[in-house]
Amino acid sequence: MKPGFEARVGAFLFPRTSDYWLTILRLGMALQVCFYGLGLRHDWQLLYTDRAGFVTRELAETILNVNSPLTPRLGWMITLGAHLQISEEQVVSVIWVLLLIASCCLAVGLFSRVMAVVVWFFYLSSVKSGGFYTYGVDNFTIIGLFYLMIAPLPDKWSLDALLGWNRTVNPRRLGFHRRVLQLHLCLIYFFSGLSKATGPGWWDGTSIWRALVSPPYNLVPADVVYSFHLFLPAAGIFVVFLETTYPLFIWLPRARGFWLGAIVAVHLGIGLAMGLYLFASIMIVLNLAAFATDLIPRRPRAAGAGTFAIDAHPAG
Amino acid sequence: MSATRKRICLGWLVLHLFFIFVVSSRDLLGLLADGGNVFPKAMLTTWTRGEQVASSALGEFLGRSNALRQAKEFYVQSAGIDSGYSFFAPNVPNSYKLVFEIQHPNGTTEMDLPEVGGTAAGLRLATLLENLGQIHLELLRQRTIEKLSYSAWANHPDATRIRAIFGAVLVPEPAQFLRGGKESYEVICAYDFFPRRPASPK
């Protein structure tokens with residue numbers, strides 16, 4: 001007898017899954033935040049303090065306060081620091097150091113759960129306090145950190161596990177958390193592709209051209225980009241097609257490898273050609289965590305048992 | 001996993017995906033309502049109406065102090081799902097540039113740019129300039145540019161005047177590039193800043 005709709009939905013949303021994907025997500029997010037902090041080491045004060053800053057932090061936080069007074073922000077910690085006679089600059093520097101330490105702990109998997117919360121809190125605070133400076137990479141990093149924070153940590157490749165601090169996690173719970181990430185990525189790419197498809201520039205190659213030659217993303221000289229001008233329309237259409245159909249083809253076992261490889265290659269290309277390294281790395285991390293473990297052949301269970309995917313989608 | 005736990009997870013997932021879907025739809029409809037896409041202009045009102053429906057579905061008709069709206073806002077911001085995913089869409093937008101013209105006491109002038117310590121901050125500065133290019137609050141733009149000009153003051157303490165010129169960078173289309181077309185600069189606004197004197201718009 002065929003299982004009912006409810007059973008099939010349950011099987012899809014709560015598949016048994018190993019925690020390899022969680023290891024990729026933990027390590028990837030930790031390195032991402034680490035590079036974020038290190039990349040801004042010379043400009044941290046400039047971006048986030050009122051006295052030295054480009055834009056008043058207070059202005060960004062006032063706007064944030066109108067929409068969401070509960071969202072974490074640096075101002076909370078600065079106010080607390082002021083009560084303790086600690087200057088704004090010192091508090092902001094301490095937050096930078098704590099963010100780096102917490103992300104290093106997360107990378108090795110020490111106190112994984114607590115560190116995931118700490119990194120999410122400090123990252124979210126800094127991003128929300130610097131509202132005028134935020135771009136796509138920050139949203140995706142918050143998404144990754146949010147999923148990491150609520151996921152069943154620690155994974156078995158963490159230091160916590162080596163120290164025996166891990167607990168048995170239901171594989172269906174692991175599967176559910178990964179499924180949420182997978183569904184979210186599908187919506188991201190679908191909407192990203194659809195919104196590009198509405199612009200004429202993505203069909204005639206103009207958008208690819210403009211993306212590559214507009215400052216500050218013009219790392220490749222315009223004459224080099226022009227030498228490929230005949231391929232630009234095809235490249236634009238390929239990107240639109242790849243993104244819009246991602247939610248379909250990424251689920252098909254035969255197409256998954258190609259779609260995942262292609263999307264990773266596109267992000268790698270964006271990173272190298274446009275200097276958006278952090279944006280490229282966060283998208284690659286999220287994609288690999290969501291779908292890459294499906295592609296790794298698993299050890300045969302017994303002689304002659306053949307190979308099968310670690311995170312295949314069993315019906316049971 | 002117990003059936004109760006599964007039901008809780010399912011309820012959360014439905015709500016979470018609902019927010020992602022509606023926020024992304026609102027973003028997309030807002031872009032379409034701005035025009036510059038493949039659809040006929042007659043559809044602009046449809047997109048605007050659609051955007052309003054999506055905003056209503058997100059509870060934005062509620063007052064800002066409404067607890068439900070604040071809780072929703074806290075959740076979507078914490079989960080990073082408060083904005084859509086229409087990067088470089090429907091078309092790649094213009095870049096913006098801020099140039100400082102520094103006047104010295106002897107009457108000579110020189111040009112300078114806002115200064116940051118690394119490329120990561122450079123990208124954030126570009127985002128800030130893009131935001132400045134899109135806002136319509138003149139005072140906010142002026143104050144922000146004034147703050148940005150502080151780095152120029154620091155580098156040129158003897159300057160008698162700093163003129164901040166903000167504009168859009170226009171890149172040539174491929175065909176124009178072939179004919180020798182180069183990047184150009186369209187001034188949007190300019191402000192003069194004097195030591196210890198308020199800014200005067202040009």
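Chain naming here is simple, since letters A, B, ... match the order of the sequence lines and numbering starts at 1 in each.
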Report the option among [options] that has the most heavy-atom pairs separated by less than 4.5 Å from atoms of chain B.
| options | answer |
| --- | --- |
| A/D138, A/L194, A/L278 | A/D138 |
| A/L232, A/I208, A/I188, A/N218 | A/I188 |
| A/G205, A/G39, A/G144, A/A222 | A/A222 |
| A/D43, A/I142, A/V127 | A/D43 |
| A/F35, A/Y135, A/W209 | A/W209 |
| A/K196, A/H42, A/M149 | A/K196 |

[X] versus [Y], closest heavy-atom pair with distance:
| X | Y | answer |
| --- | --- | --- |
| A/N67 | B/R64 | OD1-NH1, 2.6 Å |
| B/F87 | A/G136 | CE2-CA, 3.6 Å |
| B/S25 | A/F191 | OG-CZ, 3.5 Å |
| B/L123 | A/P216 | CD2-CG, 4.2 Å |
| B/N131 | A/F132 | ND2-O, 2.8 Å |
| B/Q77 | A/S68 | NE2-CB, 3.9 Å |

Tell me, yes or no, whether the heavy-atom count around [X] atom [atom1], taken from other residues, nucleotides or ligands under 6.0 Å, exceeds 12.
| X | atom1 | result |
| --- | --- | --- |
| A/F228 | CZ | no |
| B/K97 | NZ | no |
| B/Q134 | CD | yes |
| B/L68 | CG | no |
| A/F231 | CZ | no |

Q) Think B/K6 forms a cation-pi with A/F14, using NZ or CZ under 6.0 Å from the six-ring centre and within 45 degrees of its axis? A) yes
Sort [X] into side chain, backbone, both or neither according to what part of it lies under 4.5 angstrom from a heavy atom of chain B.
| X | value |
| --- | --- |
| A/D223 | both |
| A/L70 | both |
| A/L38 | neither |
| A/W44 | neither |
| A/L13 | side chain |
| A/Y277 | neither |
| A/V225 | neither |
| A/Y189 | neither |
| A/P69 | side chain |

Q) Is a side-chain N or O of A/W203 found less than 3.5 angstrom from the main chain of B/V38, in a donor-acceptor match? A) no
Q) Under 3.5 Å, is there a donor-acceptor pair between the side chain of A/W120 and the main chain of B/A79? A) no
Check whether any side-chain heavy atom of [X] sits under 4.5 Å from a side-chain heavy atom of [Y], and report yes or no.
| X | Y | value |
| --- | --- | --- |
| B/R124 | A/L47 | yes |
| A/R179 | B/L13 | no |
| B/V116 | A/L46 | yes |
| B/S24 | A/F190 | no |

Chain A contacts, top residue of [options] (heavy-atom pairs, under 4.5 Å):
| options | answer |
| --- | --- |
| B/G118, B/C9, B/S86 | B/C9 |
| B/V92, B/N94, B/T119 | B/V92 |
| B/I135, B/L31, B/L28, B/V76 | B/L28 |

Under a 4.5 Å heavy-atom cut-off, does chain A meet the side chain of [X], its backbone, both or neither?
| X | answer |
| --- | --- |
| B/I145 | neither |
| B/Y96 | neither |
| B/L129 | neither |
| B/D82 | side chain |
| B/S83 | both |

Q.
Would B/S78 and A/L124 count as a side-chain contact (heavy atoms from CB on, under 4.5 Å) here? Give the steps.
A. CA-CA 7 Å; B/S78 302; A/L124 184 67; 4.2 Å; yes
Q. So how far is it from B/D27 CG to A/S195 OG, rounded to the nearest 0.5 Å?
A. 7.0 Å
Q: Supply the atom-to-atom distance A/H184 NE2 to B/L17 CG, rounded to the nearest 0.5 angstrom.
A: 8.5 Å
**Q.** Aromatic ring proximity, centroids under 6.0 angstrom, B/Y85 and A/F140
**A.** yes
Q: Start with the C-alpha gap between A/T134 and B/T127, add the side-chain angles, then the distance that decides, and say whether side-chain contact (heavy atoms from CB on, under 4.5 Å) holds.
A: CA-CA 7 Å; A/T134 57; B/T127 306; 5.9 Å; no
Q. Under 30°, 30 to 60°, or over 60°: which ring-plane class applies to B/W12 and A/H177, parallel, tilted or perpendicular?
A. tilted
Q. So B/F177 and A/Y226, would you call those rings parallel, tilted or perpendicular, with 30° and 60° as cut-offs?
A. tilted
Q | Candidate pair B/H16 and A/Y147, rule ring-ring contact (aromatic ring centres under 6.0 Å, His included), full reasoning | A | CA-CA 12 Å; B/H16 189 68; A/Y147 287 138; 5.6 Å; yes
Q. Does a donor on one side chain sit under 3.5 Å from an acceptor on the other, for B/N91 and A/T206?
A. no
Q | A/N170 vs B/R5, side-chain hydrogen bond (donor to acceptor under 3.5 Å, both in side chains): CA-CA, chis, key distance, verdict | A | CA-CA 12 Å; A/N170 188 321; B/R5 194 162 195 166; over 6 Å; no
Q. Residues of residues 57-64 of chain A under 4.5 Å from chain B (heavy atom pairs)?
A. A/L59, A/L64
